[in-house]
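Positions are given from 1 along the sequence. Computed from a predicted structure; not experimentally measured. In each ligand, atom 1 is the first atom listed, and ligand 1 is the first ligand listed.
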Amino acid sequence: MPNEPDLSHLINAVPGFVWSADANGEVNFINQRWCDYTGMSQEQARGQGWTASLHPDDAGGLQQYWVALMQAGTPGEYEARLRRYDGAFRWFLIRAVPQRDDTGAVVCWYGENTDIEDRKQAEEALDKVRSEMAHLARVASLGALTASIAHEVNQPLAGIVTNASTCLRMLGATPPNVDGAMETARRTIRDGNRAADVIKRLRALFARQSVMTEAVDVNEAAHEVITLLLGELRRNGVTLQVQFAKGLPAVMGNRVQLQQVILNLIINAIEAMRKAAGTARQLLVTTVLDGQHGVHLAVRDNGSGFDRQAMERMFETFYTTKESGMGIGLSISRSIIERHNGELWATLNDGQGATFHCAIPLPTASSEATADGVIKGVNG
Ligand code: ADP
């Protein structure tokens with residue numbers, strides 16, 4: 001057992017910050033390394049003084065977490081930025097462990113902070129690459145749909161022209177047919193809104209979305225993607241069936257990214273059905289609330305299916321069996337779903353074709369409070 005001076009050498013030699021706090025969370029010791037880093041003294045750090053080194057954006061969250069941790073009396077960790085003596089901020093993983101007496105009561109806390117700035121920067125760089133890839137894949141898949149989408153917009157536009165000329169004719173008649181003109185004007189507005197809606201959805205999907213975590217209604221998100229794909233489904237003679245669970249709870253996530261996944265799955269299904277000649281093409285999109293997995297969305301086709309050996313390889317980057325395939329759709333989709341703490345997998349149907357499943361857990365009470373932390377770094 002080292003004696004006390006040895007112990008203080010040891011504590012200051014540890015390549016991180018070491019500290020202790022009393023049962024009420026008041027800091028009563030912090031090592032020299034912390035003082036060297038922050039430029040603050042031991043005395044300044046005491047009690048709640050250390051919180052002056054926190055990044056203003058992290059201070060509230062950490063303090064809230066710290067209070068909750070003390071109530072729970074369990075070990076915990078939190079990522080926050082600490083200010084260096086020269087004003088620069090670095091990310092730290094702050095860990096705390098309670099110490100108990102014989103009766104089980106917490107007598108003090110020991111803590112250790114590790115510098116994770118390099119890891120954070122690597123994560124950010126990776127997120128950026130991922131987000132660029134997701135964007136490219138989205139643009140590529142939507143690019144392939146240009147013909148159907150143009151058709152989707154063209155229909156209401158043709159309606160607008162027809163209705164507007166009918167309207168003019170009715171107004172020019174003697175006597176003018178005002179009621180008829182009003183009705184055709186109303187139809188013109190309806191068609192205009194329909195075209196604007198398609199464009200609005202397209203713009204949202206094409207846009208380079210920022211990191212945004214929100215409550216997402218999966219049914220609504222899937223419905224929007226399907227609406228955009230109606231032309232493509234029709235063009236390929238696909239019969240679509242939709243079975244959405246009623247009252248599905250929202251998941252926390254990035255809406256556009258989740259729509260990107262759904263878009264990929266449906267386009268893949270259409271392509272797999274194109275490959276399987278001879279059968280009436282049937283696509284089934286379902287959502288259910290699954291006690292184990294959370295919100296479960298499945299896209300079932302009666303297409304070509306896949307080799308059993310390809311079951312996992314399909315999710316690898318650049319794996320493709322298509323002549324003009326890029327092989328990145330499923331790998332990006334899986335990384336998006338995993339960023340949402342969920343799972344994406346494929347099964348072969350009993351009959352013909354394959355089903356792709358994606359499950360996203362429901363937010364727990366604590367993850368809702370720190371929703372940013374749940375899918376930290378999700379970029380669109
Ligand atoms: P790409 O579509 O460019 O090939 P993906 O990553 O989306 O890239 O898909 C990888 C491969 O997974 C496809 O080439 C295909 O072999 C297989 N695959 C994807 N979806 C299906 C499906 N619904 N049915 C059968 N095979 C599929």
Does Glu316 have any salt bridge (charged side-chain N to carboxylate O under 4.0 Å, His left out) partners at least two apart in sequence or in another chain, and if so, which?
Arg313

Could you tell me whether Lys120 and Glu79 have a side-chain N and a carboxylate O separated by less than 4.0 Å?
yes

Contact table, ligand 1 N/O with protein N/O, distance under 3.5 Å:
{"from": "ligand 1", "atom 1": "2 (O)", "to": "Asn268", "atom 2": "OD1", "distance (Å)": "3.2"}
{"from": "ligand 1", "atom 1": "2 (O)", "to": "Lys322", "atom 2": "NZ", "distance (Å)": "2.6"}
{"from": "ligand 1", "atom 1": "3 (O)", "to": "Met326", "atom 2": "N", "distance (Å)": "2.8"}
{"from": "ligand 1", "atom 1": "3 (O)", "to": "Gly327", "atom 2": "N", "distance (Å)": "2.9"}
{"from": "ligand 1", "atom 1": "4 (O)", "to": "Thr320", "atom 2": "OG1", "distance (Å)": "2.5"}
{"from": "ligand 1", "atom 1": "6 (O)", "to": "Gly329", "atom 2": "N", "distance (Å)": "3.3"}
{"from": "ligand 1", "atom 1": "6 (O)", "to": "Leu330", "atom 2": "N", "distance (Å)": "2.8"}
{"from": "ligand 1", "atom 1": "7 (O)", "to": "Asn268", "atom 2": "OD1", "distance (Å)": "3.4"}
{"from": "ligand 1", "atom 1": "7 (O)", "to": "Asn268", "atom 2": "ND2", "distance (Å)": "2.9"}
{"from": "ligand 1", "atom 1": "7 (O)", "to": "Leu330", "atom 2": "N", "distance (Å)": "3.4"}
{"from": "ligand 1", "atom 1": "8 (O)", "to": "Gly327", "atom 2": "N", "distance (Å)": "3.4"}
{"from": "ligand 1", "atom 1": "14 (O)", "to": "Thr320", "atom 2": "OG1", "distance (Å)": "3.3"}
{"from": "ligand 1", "atom 1": "14 (O)", "to": "Thr321", "atom 2": "N", "distance (Å)": "2.9"}
{"from": "ligand 1", "atom 1": "14 (O)", "to": "Thr321", "atom 2": "OG1", "distance (Å)": "3.3"}
{"from": "ligand 1", "atom 1": "16 (O)", "to": "Thr321", "atom 2": "OG1", "distance (Å)": "2.5"}
{"from": "ligand 1", "atom 1": "23 (N)", "to": "Asp301", "atom 2": "OD2", "distance (Å)": "2.8"}

Contacts table for residues 269-283: side-chain donor-acceptor under 3.5 angstrom, sequence neighbours left out:
{"from": "Glu271", "atom 1": "OE1", "to": "Lys322", "atom 2": "NZ", "distance (Å)": "2.5"}
{"from": "Arg274", "atom 1": "NH1", "to": "Asn236", "atom 2": "OD1", "distance (Å)": "2.9"}
{"from": "Arg281", "atom 1": "NE", "to": "Met273", "atom 2": "O", "distance (Å)": "3.4"}
{"from": "Arg281", "atom 1": "NH1", "to": "Asn236", "atom 2": "O", "distance (Å)": "2.8"}

Taking the cut-offs as 6.0 angstrom to the six-membered ring centre and 45 degrees off its axis, would you call Arg33 and Phe17 a cation-pi pair?
no

Between Glu220 and Arg255, does any side-chain N to carboxylate O distance fall below 4.0 Å?
yes

Which atom pairs, donor and acceptor, lie under 3.5 Å between side-chain atoms of residues 154-162 and protein residues at least two apart or in another chain?
{"from": "Thr162", "atom 1": "OG1", "to": "Ala158", "atom 2": "O", "distance (Å)": "2.8"}

